[in-house]
Engineer: 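The following block contains the structure, expressed as structure tokens.
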Amino acid sequence: MTRSETRLKQGLSLAARAGYVAKGIVYLLIGGLASLAAAGLGGDNVGSKQAINQLVSRPFGDVMLGLLGIGLFAYALWRLLQALLDTEEVGLGLKGSGTRLGFLVSTLTHGSLGVYCFDLLRNLAMASGEGAAQDRTALLMSHRGGVALIFAVGLVFLGVGLRQLWRAITRSYLKNWHHQDMSTAQRRFFEGITRWGLSARGVVFMIIGLFLCIAAWRTDPSQAQGLGGALNVLAAQPFGPWLLGVVALGLFGYGLYCLINSAFRDTSVD
């Protein structure tokens, strides 16, 4: 391996770690705000873009937005490499293709969040939240094949949600961790956080996917819900505040899981 190739792989590994930090920050904001809302201490059930908006009015908010945007672009690049180079070695079978498709969706999602960060810096950010999710759905539905595309995206979200739950059950994330860098107590603690976080994210993604499929089936964009809308759905159920609190803390835990990945995950690219 040449020195330039070594440096490239080291750079990509560093980009992946920076990306996990950025993604973790977004989920810490989402989970933290939802936890406060569940406890009646302020806060709100927000999506990713609304969570990022919380940084605008903070001290050094422009610096944080810039760094977050760079990190999200880095994460999008990492997911793209996972999809194209099959760094997870999932193959081209039905399950593997679905996993790699999920990586591509993640690439687009986090790339768009990176763009949004820099839009905020240029004071060009448009309205976000559930109205924006419904507007995007309506725009897609207005094109030929748009309804089928929305239904397919809903199925992808359902699949990603199920995969998150399956990973929590089977503990498949362990194969990516550098165990020699962890103590036994650390690994057990990190596992508890990870399983809770993956389960919570799986539930939320399945709710989003279900509403997208309903929106396509009924040809009704108003049925579409984003992350904040999914949390509102949970809050409206019997024992809603308790249910929301459990899931919100789980999303906060998922943010911690991303930070754990930044420190201990194998991010090498062969």
Side-chain angles (χ1 to χ4, degrees), residues 18-58 61 64-65 67-69 71-72 75-76 79 102 105-106 108-117 119-120 125 127-134 136 157 160-161 164-165 168 193-212 224-237 240-262:
Y20 276 115
V21 171
K23 183 180 180 183
I25 290 172
V26 172
Y27 273 91
L28 289 175
L29 289 171
I30 293 170
L33 290 169
S35 297
L36 290 174
L41 298 175
D44 199 0
N45 299 325
V46 300
S48 301
K49 290 183 177 179
Q50 291 166 306
I52 292 171
N53 283 340
Q54 301 297 313
L55 299 176
V56 175
S57 60
R58 299 293 186 266
M64 289 190 289
L65 278 173
L67 292 174
L68 185 62
L72 289 167
Y75 188 80
R79 283 307 201 192
V105 172
S106 182
L108 296 174
T109 300
H110 291 92
S112 70
L113 288 178
V115 171
Y116 185 75
C117 287
D119 279 348
L120 282 176
S128 61
E130 305 319 305
Q134 293 163 6
R136 289 192 296 270
F157 270 95
V160 172
Q164 299 291 284
L165 292 173
I193 292 173
T194 297
R195 299 182 81 175
W196 193 353
L198 288 172
S199 298
R201 189 169 185 252
V203 168
V204 171
F205 268 51
M206 288 175 67
I207 293 173
I208 294 172
L210 178 62
F211 276 102
L212 283 173
Q225 300 288 344
L227 193 100
L231 293 175
N232 284 329
V233 169
L234 290 173
Q237 304 308 308
W242 292 96
L243 185 59
L244 175 63
V246 169
V247 173
L249 288 175
L251 292 175
F252 190 89
Y254 185 83
L256 293 177
Y257 161 65
C258 291
L259 299 184
I260 294 168
N261 274 338
S262 176

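Quick caveat: nothing in here was measured; it's all calculated off a predicted structure.
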Engineer: First locate atom CG of L244, then atom CG of N232, and finally report the distance between them rounded to the nearest 0.5 Å.
Structural biologist: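 One gets 8.0 Å once the value is rounded to the nearest 0.5 Å.
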Engineer: If you round to the nearest 0.5 Å, how far is NZ of K23 from NE2 of H110?
Structural biologist: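 Here the interatomic distance stands at 4.5 Å.
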Engineer: Please tell me if the side chains of I52 and L113 come closer than 4.5 Å, counting only heavy atoms from C-beta onward.
Structural biologist: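 Yes. Closest side-chain heavy atoms under 4.5 Å.
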Engineer: Side chains of L68 and Y116, heavy atoms from C-beta outward: is any pair under 4.5 Å?
Structural biologist: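 Counting from C-beta outward, L68 and Y116 never come under 4.5 Å.
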Engineer: If I take atom OH from residue Y257 and atom OG1 from residue T194, how far apart are they, to the nearest 0.5 angstrom?
Structural biologist: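 Here the rounded value is 6.0 Å.
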Engineer: Atom CG of L33 and atom CG of L28: how far apart are they, to the nearest 0.5 Å?
Structural biologist: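 Result: 10.5 Å between the selected atoms.
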Engineer: Could you give the side-chain donor-acceptor pairs of residues 245-253 under 3.5 Å, partners two or more places apart or in another chain?
Structural biologist:
none

Engineer: Enumerate the side-chain hydrogen bond (donor to acceptor under 3.5 Å, both in side chains) contacts for residues 201-212, please, sequence neighbours excluded, ordered by first and then second residue.
Structural biologist: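 Non-adjacent pairs meeting side-chain hydrogen bond (donor to acceptor under 3.5 Å, both in side chains): Y27-R201, Q164-R201, R201-Y254.
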Engineer: If only atom types and distance count, is the side chain of S199 paired as donor or acceptor with the main-chain N or O of R195 below 3.5 Å?
Structural biologist: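 Yes, the answer is positive, given that a donor and an acceptor are paired below the 3.5 Å cut-off.
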Engineer: Under the side-chain contact (heavy atoms from CB on, under 4.5 Å) test against V26, which residue among C258, S48, C117 passes?
Structural biologist: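 Going through the options one by one, the only one that passes is S48.
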Engineer: May I ask you to decide if the ring planes of Y20 and Y75 are parallel, tilted or perpendicular, using 30° and 60° as cut-offs?
Structural biologist: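 Geometry flag for Y75 against Y20: perpendicular rings.
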Engineer: Can you tell me how far apart CE (M206) and CG (L165) are? Round to the nearest 0.5 Å.
Structural biologist: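 It is 6.0 Å, given to the nearest 0.5 Å.
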Engineer: Taking ring-ring contact (aromatic ring centres under 6.0 Å, His included) as the definition, give me every residue that meets it alongside F211, ordered by chain and number, with sequence neighbours left out.
Structural biologist: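 Expected list: none.
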